[in-house]
Amino acid sequence: MSGGGCSIVWFRRDLRVEDNPALAAGVRAGAVVALFVWAPEEEGHYYPGRVSRWWLKQSLAHLDSSLRSLGTSLITKRSTDSVSSLLEVVKSTGATQLFFNHLYDPLSLVRDHRAKEFLTAQGIAVRSFNADLLYEPWDVNDAYGRPFTTFAAFWERCLSMPFDPEAPLLPPKRIFSGDVSRCSSDPLAFEDESEKGSNALLARAWSPGWSSADKALTTFINGPLIEYSKNRRKADSATTSFLSPHLHFGEVSVRKVFHLVRIKQVLWANEGNKAGEESVNLFLKSIGLREYSRYLSFNHPYSHERPLLGHLKFFPWVVNEGYFKAWRQGRTGYPLVDAGMRELWATGWLHDRIRVVVSSFFVKVLQLPWRWGMKYFWDTLLDADLESDALGWQYISGTLPDGREFDRIDNPQFEGYKFDPNGEYVRRWLPELARLPTEWIHHPWNAPESVLQAAGIELGSNYPLPLVEIDAAKARLQEALTEMWQLEASSRAAIENGTEEGLGDSSESTLIAFPQDIQMEENHELPRNNPPTTRCYEDQMVPSMTSSLVRVEEETSMGLRVLAEESRAEVPADAVVNQEPRRDLLNQGTMQTIHRNTLPHHNTPGLQHAVEDSTAESSSSTRREWDGGIVPVWSPSPSSYSEQFVGDENGIGTSSSYLQRHPQSHQIMNCRQLSQTG
DNA sequence: TTTGGTTTCAC
DNA sequence: TGAAACCAA
């Protein structure tokens with residue numbers, strides 16, 4: 001308890017007392033002030049949706065009561081700028097230390113880095129920890145020390161790391177409370193009146209909070225886990241772990257999950273239980289995907305906004321809000337898709353398989369911009385998670401090096417018979433089809449008139465005809481791809497001719513503005529007109545969190561030097577433009593700066609200009625290419641990335657014929673420019 | 001055991 | 001779609 005100064009433990013998405021390294025460090029250091037800052041405006045577009053906020057509310061209440069039983073309580077602050085709130089709490093409690101656990105989404109990386117820089121400058125000792133991953137992203141590299149770009153290789157490496165993930169920490173026995181007599185909590189409003197009714201229903205199915213999370217984990221491991229591989233292909237199965245929302249808010253530690261599952265694995269291996277082992281591997285793989293989503297987000301901070309494969313920026317998406325609405329309402333005419341969308345709307349939950357079905361339909365059949373779909377998921381899913389959803393949508397869209405082929409369309413009719421062979425799932429969520437025999441349940445448009453009549457269905461009236469025919473979708477997809485490759489080719493030609501300005505800006509397709517009515521009519525509380533916050537954090541760095549990070553910091557500095565030539569790798573305290581005169585951080589932090597660019601623009605040119613204005617003269621042509629691109633801006637080692645994708649034209653994943661046919665697709669945007677400027 | 005046809009499932 | 005696993009002769 002050095003000199004009476006207490007520590008602030010800043011809770012974010014680590015709402016647990018067990019295996020919480022930041023909390024443990026705080027307790028070890030003496031008196032603790034537990035703090036949660038609610039600053040949703042910082043999330044820009046990704047203001048949490050109704051169900052997500054409901055969960056957060058419950059979870060915080062639960063955490064608070066746990067902390068109370070341990071000797072302290074949770075201080076809550078309502079803020080538009082987390083960093084200044086932190087400072088305020090430091091001032092009012094006399095804290096001398098700040099502890100928190102790492103997050104890896106782009107916004108948090110920037111904010112946390114800023115927090116660290118700023119508070120350190122104020123004389124506060126800031127330390128941060130890994131509480132969310134088995135391994136920190138910068139610890140997992142290939143034989144050449146470069147980040148992986150495919151999941152399989154990444155996960156294989158994780159499972160064979162030379163050191164095990166940290167063992168979970170026990171919860172503290174007792175917490176000495178810091179002096180909060182001059183630090184009051186703000187009341188936090190997570191729902192408005194119109195939402196309360198819908199939210200009340202959620203409580204019947206879910207109970208947020210770390211102890212429920214723990215219970216869910218135990219239940220799953222001792223029950224459904226062993227059948228996981230058998231059951232995972234059913235649309236309906238009650239055999240998923242249902243851990244994802246708990247994991248999203250960090251109510252249960254992924255390391256604990258991993259350790260407990262490993263114990264079962266050993267047990268079943270000894271018993272020669274093949275199915276059990278297989279199940280464990282599959283379940284761990286889904287944990288691995290979660291890890292990988294953070295890994296991707298860390299290495300490619302744009303991955304929630306832009307395709308990782310650059311050529312996709314030329315894809316002519318169908319900007320059709322009517323389609324979008326039909327999809328959201330579950331009125332596409334494809335029963336499995338519609339059932340899924342109705343379930344999502346009604347419950348905030350969707351089985352993993354069905355997420356694949358509806359999102360694949362969205363991207364491949366409707367050819368709507370995937371960010372719209374991802375945003376809708378964000379708004380409606382109980383376990384909405386930016387990194388995981390970005391990975392999922394990019395995978396589905398075929399915009400990852402190891403994603404599905406872009407030109408492949410899955411037929412919802414066949415998927416229907418695969419995942420819902422008896423049509424039970426469809427009947428549950430589409431009562432209008434309840435009386436249709438299984439033979440036709442997944443393709444009512446083929447059913448004889450007499451069958452439809454008997455089932456009380458009038459296609460086009462009480463259930464829609466297919467919004468888009470699969471064959472038509474295939475044809476249109478081919479055309480779109482042809483167009484995409486042509487655009488891509490002429491862009492390359494332009495670049496090679498030295499007229500880089502060329503088509504560099506044709507990236508509008510990747511940043512089509514969100515439609516105004518992205519929410520279902522019933523849900524109207526979302527903030528409007530938040531501009532995409534893309535590119536606002538481009539000159540920020542990786543979190544330079546732990547001492548083990550020195551290497552990363554160096555490499556990042558290199559990257560930054562390349563990016564912003566004039567700045568010698570000092571971390572810009574201002575997230576947006578280090579070219580601009582520094583402003584008083586306290587009053588004009590990151591988000592204010594972003595909002596300064598809040599011009600109401602609904603098309604990309606406006607957006608481009610808004611951003612370019614702010615980046616002022618630094619927008620050299622190269623830089624602009626960059627701005628339009630998906631470059632890992634503060635990737636830990638941008639230079640090695642560029643080698644990987646530019647030096648080797650066949651790039652990674654030569655096994656995929658699709659990629660062979662389109663070797664350009666290996667390039668994760670613009671790394672060429674990156675290496676050239678360096 | 002080899003071979004070739006079929007099934008499965010992709011992050 | 002296509003690589004890998006599977007299976008039947």
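Naming: A, B, ... by sequence-line order, numbering from 1 per chain.
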* Is there side-chain contact between A:Leu107 and A:Glu43, with at least one heavy-atom pair below 4.5 Å? -> yes
* A:Asn281 CG - B:dC11 P separation (whole Å) -> 14 Å
* Asked: NA contact type, A:Asp352, heavy-atom cut-off 4.0 Å: base, sugar-phosphate, or nothing?
  -> base
* Taking only residues two or more places apart in sequence or in another chain, which ones pass side-chain contact (heavy atoms from CB on, under 4.5 Å) with A:Trp378? -> A:Tyr46, A:Ala384, A:Leu386
* Asked: With a 3.5 Å cut-off and no angle check, do the side chains of A:Tyr295 and A:Glu136 form a donor-acceptor pair?
  -> no
* Asked: So what does A:Leu289 hit on the nucleic acid, given a heavy-atom distance under 4.0 Å: a base, only sugar-phosphate, or nothing?
  -> base
* Taking CZ from A:Arg408 and P from C:dA3, how many angstroms apart are they, rounded to a whole number? -> 14 Å
* Taking atom types as modelled, is there a side-chain donor on A:Ser293 or A:Arg290 under 3.5 Å from an acceptor on the other? -> no
* Structure fact -> Rounded to whole Å, the CG-P distance (A:Asp389 to B:dC11) equals 18 Å
* Round to the nearest Å and state the distance from A:Glu415 atom CD to B:dT8 atom P. => 14 Å
* **Whole angstrom value for the distance that separates C1' of B:dT8 from CG of A:Leu282** => 13 Å
* **Nearest-Å distance for atom pair CD/P, residues A:Gln478 and C:dT1** => 11 Å
* Would one find a side-chain N or O of A:Arg353 under 4.0 angstrom from OP1 or OP2 of B:dA10? -> yes
* Expressed in angstrom and rounded to an integer, what is the separation of A:Arg157 atom CZ from B:dC11 atom P? -> 20 Å
* **Face-to-face contact A:Tyr395 to B:dC11 six-ring, under 5.5 Å, under 30°** => yes
* Rounded to the nearest Å, what distance is computed from the CZ atom of residue A:Phe419 to the P atom of nucleotide B:dT8? -> 12 Å
